[in-house]
Amino acid sequence: MAETASLNIEDKTVELPIVVGSEGEKALDISKLRAETGYITLDQGYGNTGSCQSDITFIDGDKGILRYRGYAIEDLAANSTFIETAYLLIWGELPSEEPLKEFSALFSKHQMLREGIKHHFNLFPPNSPPMAVLSSVLNALSCYYPELMEIEDEETFTEASARIMSKVRTIAAYSYRQQLGHHIEYPHPKKKFAENFLHMMFSQPYNEFEPDPILVKALDLIFLLHADHEQNCSTSTVRMVGSSEANLFASVAAGVGALWGPLHGGANVAVVEMLERISAENLSVSDFVSQVKDKKAGIRLMGFGHRVYKNFDPRANIIKKSCEEVLAKLHIDDPMLDIAKELEAVALEDEYFIQRKLYPNVDFYSGVILRALGIPKEMFTVIFAIGRMPGWIAQWYEESKSTKISRPRQIYTGSVERTYQPIGERS
Ligand code: CMC
């Protein structure tokens with residue numbers, strides 16, 4: 001393969017180096033283009049722009065492939081756990097027994113919040129969005145751990161990342177309880193990651209919540225499936241913030257903000273609201289799909305479509321299967337699942353969706369499982385954030401090895417130079 005590509009522009013020919021990834025993905029390195037020609041590239045929404053070279057996650061959207069550090073998501077979903085997968089994402093290899101034990105032990109060690117942090121929760125008004133609370137409290141953690149603001153060695157990084165990953169579920173559960181006006185339930189030293197989260201969400205004094213192991217496994221799977229997804233909106237945000245050498249707490253707090261939107265992590269809430277609306281208004285699925293296609297109403301089929309996947313989202317297949325298993329084993333008959341399945345079937349046969357390569361994404365079925373777990377929809381995107389934390393941390397760490405701040409350019413389209421008019425002379 002050629003090592004460069006030639007670009008003819010005005011009276012110049014420039015050679016653009018070709019960069020090839022380990023899976024054969026190809027890119028043109030345009031970093032010297034402006035210096036050599038005066039041109040920049042323009043790619044609104046970055047659909048065609050590589051922002052970094054990364055060893056962490058590989059996606060082939062046309063083939064529906066997702067791999068963390070080379071391991072297929074299907075393989076990890078069938079055989080691994082969220083914590084082991086988090087280790088893999090952060091450190092690059094699956095751990096042997098001892099390092100995994102040590103890594104898990106760090107989660108127990110750091111799961112408590114300082115008592116002072118509890119006061120932050122009381123200051124949020126009732127009905128505060130849990131994503132706002134999560135982002136604020138994650139940022140506030142940096143005030144409690146000044147020694148972790150600058151990460152100069154692996155040991156400090158391990159401490160900071162274990163603290164964040166462990167505490168994020170404590171923060172999430174506290175915010176839920178505080179909004180309900182319930183007492184705060186401390187993390188349990190003996191419970192594992194997902195079970196401990198459910199304990200903090202739902203245990204009552206003298207009445208410990210003991211979930212069915214199927215539900216615990218399903219939640220662990222949801223965390224695992226969300227653990228990383230290369231350069232999506234929130235991960236790019238985390239890397240962007242981190243590129244200014246901002247600390248890890250501030251960077252992941254910014255990631256929570258980016259994840260919140262309904263086109264990204266907030267889609268899992270939007271899916272359930274869409275299903276509820278179809279049910280409440282007694283709409284037929286085909287009428288709803290017609291509204292979506294009409295576009296005038298500005299309605300999207302939430303949980304469908306993906307910037308990268310143009311065939312299927314492998315996470316959606318795994319989640320759908322898990323959703324059916326959980327509901328069947330627990331004998332839960334959820335009409336939302338029936339509507340979701342019908343919507344999927346109708347959309348997959350419809351030219352509008354076929355032409356645009358729109359398939360169910362990870363959020364299409366995750367809300368139905370989360371409902372079965374008893375998790376209110378306001379918390380769905382928070383669950384996504386808990387799962388995505390190891391990915392953000394791994395990507396932040398990778399970014400921290402580079403010394404280049406991320407700073408895109410633009411094509412300015414505003415007024416050309418004009419002079420200041422005193423207020424009385426303005427028309
Ligand atoms: N329903 C109806 N039409 C859609 C949808 C949808 N869900 N998604 C895309 N389209 C149409 C869109 O109107 C456009 O049509 P046209 O070519 O006629 O203008 C075409 O498909 C391309 O859409 P786009 O907005 O240019 O595609 P994108 O790659 O920029 O957007 C997306 C990707 C995920 C934001 C979008 O598909 C969407 O809004 N989906 C619904 C929200 C959702 O489920 N988001 C979760 C994504 S997965 C979780 C995560 O990683 O965040």
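The first residue of the sequence shown is numbered 1, and numbering continues consecutively from there. When reading the values below, keep in mind they use all heavy atoms of this one structure, side chains included, and skip hydrogens, waters and symmetry mates. Whatever order the structure lists ligands and atoms in, that order sets their numbers, starting from 1.
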ask   = Of all the non-hydrogen atoms in the protein, which one sits nearest to atom 41 (C) of ligand 1, and at what distance?
value = Phe304 O, 3.4 Å
request  = Look at the rings of Phe107 and Phe103 and say which category their plane angle falls in: under 30° parallel, 30 to 60° tilted, over 60° perpendicular.
outcome  = perpendicular
ask   = Which ligand 1 atoms does Tyr352 reach within 4.0 Å, using its non-hydrogen atoms?
value = 2 (C), 3 (N), 4 (C), 11 (C), 13 (O)
key: Under the salt bridge (charged side-chain N to carboxylate O under 4.0 Å, His left out) test, residues paired with Asp350 that sit two or more places apart   = Lys293
task = Using a distance threshold of 4.0 Å (strictly less than), state whether atom 44 (O) of ligand 1 has a protein heavy-atom neighbour.
result = yes
message = So is Asn232 touching ligand 1 or not, going by heavy atoms under 4.0 Å?
response = no
message = Quick check on Gly45 - does any of its heavy atoms sit under 4.0 Å from an atom of ligand 1?
response = no
query = Is the centre of the His229 ring less than 6.0 Å from the centre of the Phe384 ring?
reply = no
message = Under 4.0 Å from atom 12 (C) of ligand 1, can you find at least one protein heavy atom?
response = yes
key: atom 42 (C) of ligand 1 - nearest protein heavy atom and its distance   = Met302 CE, 3.5 Å
key: Distance from atom 49 (C) of ligand 1 to nearest protein heavy atom, with residue and atom   = Asp363 OD2, 3.2 Å
request  = Indicate whether any N or O donor in one side chain lies under 3.5 Å from an N or O acceptor in the other, for Ser136 and Asn139.
outcome  = no
query = Is there a protein heavy atom less than 4.0 Å away from atom 26 (O) of ligand 1?
reply = no
task = Scan residues 306-321 for pairs that pass salt bridge (charged side-chain N to carboxylate O under 4.0 Å, His left out), counting only residues two or more places apart or in two chains.
result = Asp313-Arg315, Lys320-Glu344, Lys321-Glu325
key: Aromatic centroids of Phe197 and Phe193 separated by under 6.0 Å   = no
request  = Could you say whether the N/O atoms of Gly303 and ligand 1 ever approach to under 3.5 Å?
outcome  = yes
Nearest protein heavy atom with distance in Å, relative to atom 9 (C) of ligand 1 = Leu358 CD2, 3.5 Å
message = Please check: side-chain N/O of Tyr145 versus main-chain N/O of Phe249, any donor-acceptor pairing under 3.5 Å?
response = no
query = So, Tyr174 side chain and Lys118 main chain: donor-acceptor pair closer than 3.5 Å or not?
reply = no
note = When distances are taken from atom 17 (O) of ligand 1, the protein heavy atom at minimum range is Arg356 NE, 3.8 Å
task = Check whether the side chains of Ser366 and Asn268 place a donor and an acceptor atom closer than 3.5 Å, and report yes or no.
result = no
task = Please report which non-hydrogen protein atom sits nearest to atom 18 (O) of ligand 1, along with the residue it belongs to and the distance in Å to one decimal place.
result = Lys295 NZ, 2.5 Å
task = For side chain to side chain contact (heavy atoms under 4.5 Å, CB included), just list the numbers for Val14 and Leu33, CA-CA rounded to whole Å, side-chain angles, deciding distance to a tenth of an Å, and then say yes or no.
result = CA-CA 8 Å; Val14 284; Leu33 183 66; 4.1 Å; yes
remark   = Looking only at protein heavy atoms, what sits closest to atom 29 (O) of ligand 1 is Arg307 NE, 2.9 Å
request  = Give the single entry among Gln44, His264, Arg300 that approaches atom 39 (O) of ligand 1 most closely by any heavy atom.
outcome  = Arg300
task = Report yes if some N/O of Val362 lies less than 3.5 Å from some N/O of ligand 1; otherwise report no.
result = no
